[in-house]
Amino acid sequence: MANAPIPMIAGNWKMNLFHNDGHALANDIAEKMLGRVGPSVDVAICPPLTLTGSICAFLSATPLRVGAQDCSPLQTGAHTGDISAEMIANLGCACCIVGHSERRRDHGETNQVVHAKAESVQRTRMTAIICIGETEAERNAGKTLEVVTKQLQESVPEGSGSANAVIAYEPVWAIGTGRTPTNAEIAEVHQHIRDLLFEMFDYDGYAIRILYGGSVNEKNANEILRVPHVNGALVGGASLKADTFWQIIEAVPKPSEVSAPVRVKA
Ligand code: PEP
């Protein structure tokens, strides 16, 4: 039987912050974590790559983890401008986001590219945070579960498990818009993803974390983080201020407040 996953809160800074502000923000969050008492939670920040090396270095003795926002699917060679997962791991990163909808939109990344990137992250022993989620048109057409199923099945490598993969369900229309699905809509998709993970990875599928992402803030985190099978959040805008990010971390429920019944395989 799988253990209940330890929740994860990951901050995606996107293409924001220069050296001084980025270092100050990382430092503020790390300080708050060192003094924290409460339910256990894994916290990661994903700064732009310009800051990743220096932030990894000064956070190395703290519980705050550092991740990257993307990587090349390739390992080495003549690929100007690209950065491999090995290079990112070498900086000291613990995780790397792949398949964010902004990468899928801006760089035409397909599920197959995302799959290759996730595999390259996992080869380095980092955790791949694999993003999936429907557009507004797909939701309005009643295709959410169909879209999410295809993205999950095609993007998540066979060798995935709770030790090297986290799924982030991010409805594209909720990212950066201030709009979120209802709790019932989030619950429906997270239950569906959980069922698929169970089919794909047996009981370890229950230990793979499923994060919700899309306009999570200090006001709605409390409710969203209590939806069954929501094991944390991927946070964009609200991760750029230590206070709001911290309030989201503090909203993580105690294990006794979480209801996510485990099914038994027939
Ligand atoms: C994101 O970029 O993954 C995200 C969820 O952004 P925001 O929280 O700003 O909607």
Side-chain angles (χ1 to χ4, degrees), residues 7-17 21-22 25-26 29 41-49 51-52 65-71 93-107 109 111 114 117-118 121 127-136 138-139 144 147-148 151-152 155-156 165-183 185-186 189-190 193 209-225 227 229-252:
M8 178 180 202
I9 304 292
N12 174 14
W13 293 5
K14 311 194 189 195
M15 199 167 69
N16 292 298
L17 302 179
D21 289 342
L25 176 57
I29 299 163
V41 52
D42 288 337
V43 182
I45 51 172
C46 302
L49 211 50
L51 304 182
T52 307
R65 296 173 188 193
V66 182
Q69 300 175 14
D70 179 48
C71 68
C93 283
C95 54
C96 180
I97 299 170
V98 294
H100 192 283
S101 66
E102 288 155 12
R103 300 282 323 167
R104 292 179 185 258
R105 180 196 67 200
D106 296 348
H107 300 272
E109 291 186 4
N111 291 336
V114 176
K117 290 187 175 199
V121 170
T127 296
I129 302 178
I130 305 165
C131 302
I132 58 175
E134 82 285 0
T135 62
E136 184 153 38
E138 289 163 343
R139 174 162 284 274
T144 298
V147 168
V148 162
Q151 287 180 330
L152 190 86
S155 306
V156 177
V166 169
I167 309 301
Y169 167 57
E170 301 206 303
V172 178
W173 53 273
I175 296 179
T177 59
R179 295 162 58 207
T180 54
T182 63
N183 290 343
E185 286 167 339
I186 297 174
V189 180
H190 278 243
I193 294 171
R209 289 180 280 205
I210 310 172
L211 311 185
Y212 169 77
S215 295
V216 174
N217 59 38
E218 70 286 7
K219 296 191 186 79
N220 60 23
N222 207 57
E223 273 194 25
I224 291 174
L225 293 171
V227 172
H229 297 295
V230 171
N231 310 120
L234 180 54
V235 184
S239 72
L240 293 172
K241 292 219 161 64
D243 281 353
T244 49
F245 192 54
W246 188 250
Q247 286 177 58
I248 294 167
I249 294 163
E250 289 287 77
V252 167

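Read the numbers this way: they start at 1 and go in the same order the structure lists the ligands and their atoms.
Formation of a donor-acceptor pair under 3.5 Å by the H107 side chain with backbone atoms of E109 is not found in this model.
Considering only residues two or more places apart in sequence or on other chains, R105 meets the salt bridge (charged side-chain N to carboxylate O under 4.0 Å, His left out) condition with none of them. Residues passing the salt bridge (charged side-chain N to carboxylate O under 4.0 Å, His left out) test with D106: none are found, sequence neighbours excluded. A search for side-chain hydrogen bond (donor to acceptor under 3.5 Å, both in side chains) contacts involving N111 returns R104, E154, S155, not counting sequence neighbours.
Listed by chain and residue number, the protein contacts of ligand 1 are N12, K14, H100, E170, A174, I175, G176, G213, G214, S215, L234, V235, G236, G237 (heavy atom within 4.0 angstrom).
Closest approach of P171 and Y212 over heavy atoms only: CD-CE1, 3.6 Å.
Looking only at side-chain heavy atoms (C-beta outward), E134 and W173 come within less than 4.5 Å of each other.
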